[in-house]
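Throughout, residue positions are numbered sequentially from 1 according to the sequence presented. We use all heavy atoms of the structure for the numbers below, so side chains are in, but hydrogens, waters and symmetry mates are not.
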Amino acid sequence: MTRQARPLRIGNASGFYGDRFDAMREMLTGGELDVLTGDYLAELTMLILGRDRLKDPGAGYARTFLRQLEECLGLARERGVRIVANAGGLNPAGLADAVRQLADRLGLPVRVAHVEGDDLTAANPGSLAAHAYLGGFGIAACLREGADVVVTGRVTDAALVTGPAAAHFGWGPGDHDRLAGAVVAGHVLECGAQATGGNYAFFHEAAKSGADLRRPGFPLAELHEDGSCVITKHPGTGGFVDVGTVTAQLLYETAGARYAGPDVTARLDTVRLTQDGPDRVRIDGVRGEAPPPTLKVGVNRLGGFRNEVAFVLTGLDIEAKADLVREQLTDALAKSPPAEVRWDLVRTDRPDAPSEETGSALLRLVVRDPSQEAVGRALSGAAIELALASYPGFHVLAPPGKGSPYGVFEDVYVPQGDVDHVAVLHDGRRIPVPPAHDTVVLDELPEPPLPQPLSHGSTTRAPLGLVAGARSGDKGGNANVGVWVRSDDAWRWLAHELTVDRFRQLIPESGPLKVTRHPLPHLRALNFVVEGILGEGVAAQHRFDPQAKALGEWLRSRHLDIPEILL
């Protein structure tokens with residue numbers, strides 16, 4: 001494709017493997033599109049696909065994508081919409097072949113290409129799946145050569161947008177500002193309905209204003225040649241798009257002002273959002289810098305086996321009951337104790353409860369060990385033997401099973417030149433994609449100037465969420481919590497009130513961990529990164545909320561002294 005002036009309309013039909021099946025058809029029939037993307041991969045998904053591949057070497061890709069194409073491939077061709085998805089997972093070549101077979105069966109002359117080179121499992125002994133995060137120029141090469149469908153393995157989520165944009169507008173590796181704008185657009189689109197009202201902190205206000213949040217539509221970006229865009233959705237679909245929903249998604253699973261990728265480093269501190277009409281948010285002003293010289297590699301390994309049991313403690317003497325069963329099981333497991341034992345008492349009970357369930361607490365025991373036996377039969381036997389010999393009212397939510405394998409995730413970095421990024425075309429030709437030649441080692445930016453503190457009178461003890469929204473997520477063993485407000489006065493208060501020390505007070509389990517605060521004044525936002533709170537990643541299920549999805553909502557529920565003029 002050559003450089004063109006008209007906007008490129010890029011939609012999204014999947015935010016994860018298992019997202020709404022009908023979204024592909026809805027996006028193809030709901031309005032005008034040039035490209036339809038789908039994000040099917042996450043850290044946990046790569047582990048799941050790795051286990052699939054152990055059972056069947058021909059597996060390793062998102063089979064849901066094929067079923068969606070069976071219904072929609074003809075529709076996409078009829079409407080001239082190209083499809084770009086990372087559904088190839090661990091086996092993009094296998095998925096490309098499967099799509100070709102599907103197209104032949106449907107009698108559709110479709111050109112299918114794929115991107116490979118991300119698989120570094122062989123270079124990481126002991127790993128189940130190790131894959132580099134590639135950029136968008138392999139996708140761009142496939143599209144420039146006429147591909148109708150492009151499937152990839154592990155690329156960055158934003159590459160699904162930067163690739164089509166580079167192909168459409170003729171951008172090259174040095175177009176940093178334009179590429180950075182596409183990265184921001186891609187980051188907003190990647191999680192589907194999270195940009196159109198899904199999982200939104202102020203959902204109740206939106207519902208009162210008439211937004212239908214029962215079935216939010218999926219987002220699309222009208223991307224311009226200069227890298228600016230408008231985030232919107234098809235007319236008549238559910239949900240809504242405003243500065244708040246876009247801000248929330250921008251903060252999701254990010255860290256500081258520099259958002260690094262293989263093609264470009266986008267400066268999130270330059271992003272400007274403007275409401276451009278109903279369900280339309282303009283993003284402009286995004287600046288880009290050269291990418292770092294290394295690529296991130298996500299390494300998934302099997303960490304061992306885990307098991308858990310939840311004891312139900314009802315009525316009086318909850319703490320004493322918990323102490324008793326802890327002591328009993330500690331003694332019972334003493335001969336062959338698991339490598340890791342974790343107890344959590346969750347006080348969901350209330351006094352004089354109107355139902356048995358609301359009068360009960362949960363004592364959760366989680367064990368991990370390299371041996372399945374240590375967490376399986378040993379635990380289940382010890383726990384069940386207490387059925388008639390422990391605290392009054394003894395019962396469990398479910399008996400412990402044999403123990404299941406769990407994974408651990410880590411990210412390592414390799415020089416960009418160590419990865420053979422290749423676009424494999426529909427006719428079998430292979431186009432090598434060179435690594436970025438202009439790279440810069442990332443440095444921390446100085447903290448931006450903060451606004452003058454808010455002058456205010458009296459305060460009221462109230463939840464932070466009355467004035468601030470939040471969205472949180474996981475990156476390996478770390479979690480981020482993005483917090484934003486909707487007025488300049490609220491920003492003047494938040495920027496000075498929600499310090500790292502205050503965050504630690506409100507989220508006590510972050511106390512012993514490293515917490516870094518990143519102010520983003522243009523977004524009226526603070527982004528906190530809590531290192532190690534998720535242990536060895538989501539697959540290890542280190543905590544109650546293993547992906548930190550609700551960490552932001554917990555923060556919003558905590559009380560502090562809020563100026564009454566903001567309430």
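Ring geometry for Phe528 against Phe503 counts as parallel: the plane angle stays under 30°, on a 0 to 90° scale with 60° as the upper cut. Between Phe202 and His204, the two ring planes are tilted [angle within 30° to 60°].
The stretch residues 463-486 participates, sequence neighbours left out, in these side chain to side chain donor-acceptor pair (under 3.5 Å) pairs: Glu205-Arg486, Gln249-Arg471, Asn480-Asn527. The salt bridge (charged side-chain N to carboxylate O under 4.0 Å, His left out) analysis of residues 496-509, with sequence neighbours excluded, yields the pairs Glu497-Arg502, Glu509-Arg543. For the salt bridge (charged side-chain N to carboxylate O under 4.0 Å, His left out) condition, no pair includes a residue of residues 372-396, sequence neighbours left out.
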I would like to know whether Arg154 and Leu41 meet side-chain contact (heavy atoms from CB on, under 4.5 Å); could you show each step before the answer?
-> CA-CA 7 Å; Arg154 178 77 276 186; Leu41 301 184; 3.8 Å; yes
Going through the checks in order, is the salt bridge (Lys or Arg N to Asp or Glu O under 4.0 Å) test met by Glu340 and Arg342?
-> CA-CA 7 Å; Glu340 181 183 346; Arg342 175 168 174 163; 5.9 Å; no
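Annotation for Leu316: atom CG does not count as buried by contact number, only 12 or fewer foreign heavy atoms lying within 6.0 Å. By the 6.0 Å contact criterion, CZ on Arg214 is open, its count of non-hydrogen atoms from other residues, nucleotides or ligands being 12 or less. Within a 6.0 Å sphere centred on CD of Glu357, heavy atoms belonging to other residues, nucleotides or ligands number 12 at most.
Contact annotation: the side chain of Thr314 approaches that of Glu356 to within less than 4.5 Å [non-hydrogen atoms, C-beta and beyond]. At least one side-chain heavy atom of Trp343 sits under 4.5 Å from a side-chain heavy atom of Leu329.
The residues Lys321 and Asp349 are annotated as not salt-bridged, no charged nitrogen and carboxylate oxygen being separated by less than 4.0 angstrom. Taking 4.0 Å as the cut-off between side-chain N and carboxylate O, Asp22 and Arg20 do not count as a salt-bridged pair.
Partners of Arg517 by side chain to side chain donor-acceptor pair (under 3.5 Å), not counting sequence neighbours: none found. By the side chain to side chain donor-acceptor pair (under 3.5 Å) test, Asp19 is found to be paired with no residue, residues two or more places apart in sequence or in another chain being considered. Applying the side chain to side chain donor-acceptor pair (under 3.5 Å) criterion to Thr64, with sequence neighbours excluded, gives no partner residue.
No cation-pi contact links Lys296 to Tyr413, judged by a cut-off of 6.0 Å to the six-membered ring centre and 45° from its axis.
The six-membered or imidazole ring of Phe16 lies away from that of Tyr40, with a centre-to-centre distance of 6.0 Å or more.
A pairwise comparison of heavy atoms in Val309 and Pro400 identifies CG2-CD, 4.0 Å as the closest pair. Ala257 approaches Asp269 most closely through the heavy-atom pair CB-CG, 3.6 Å.
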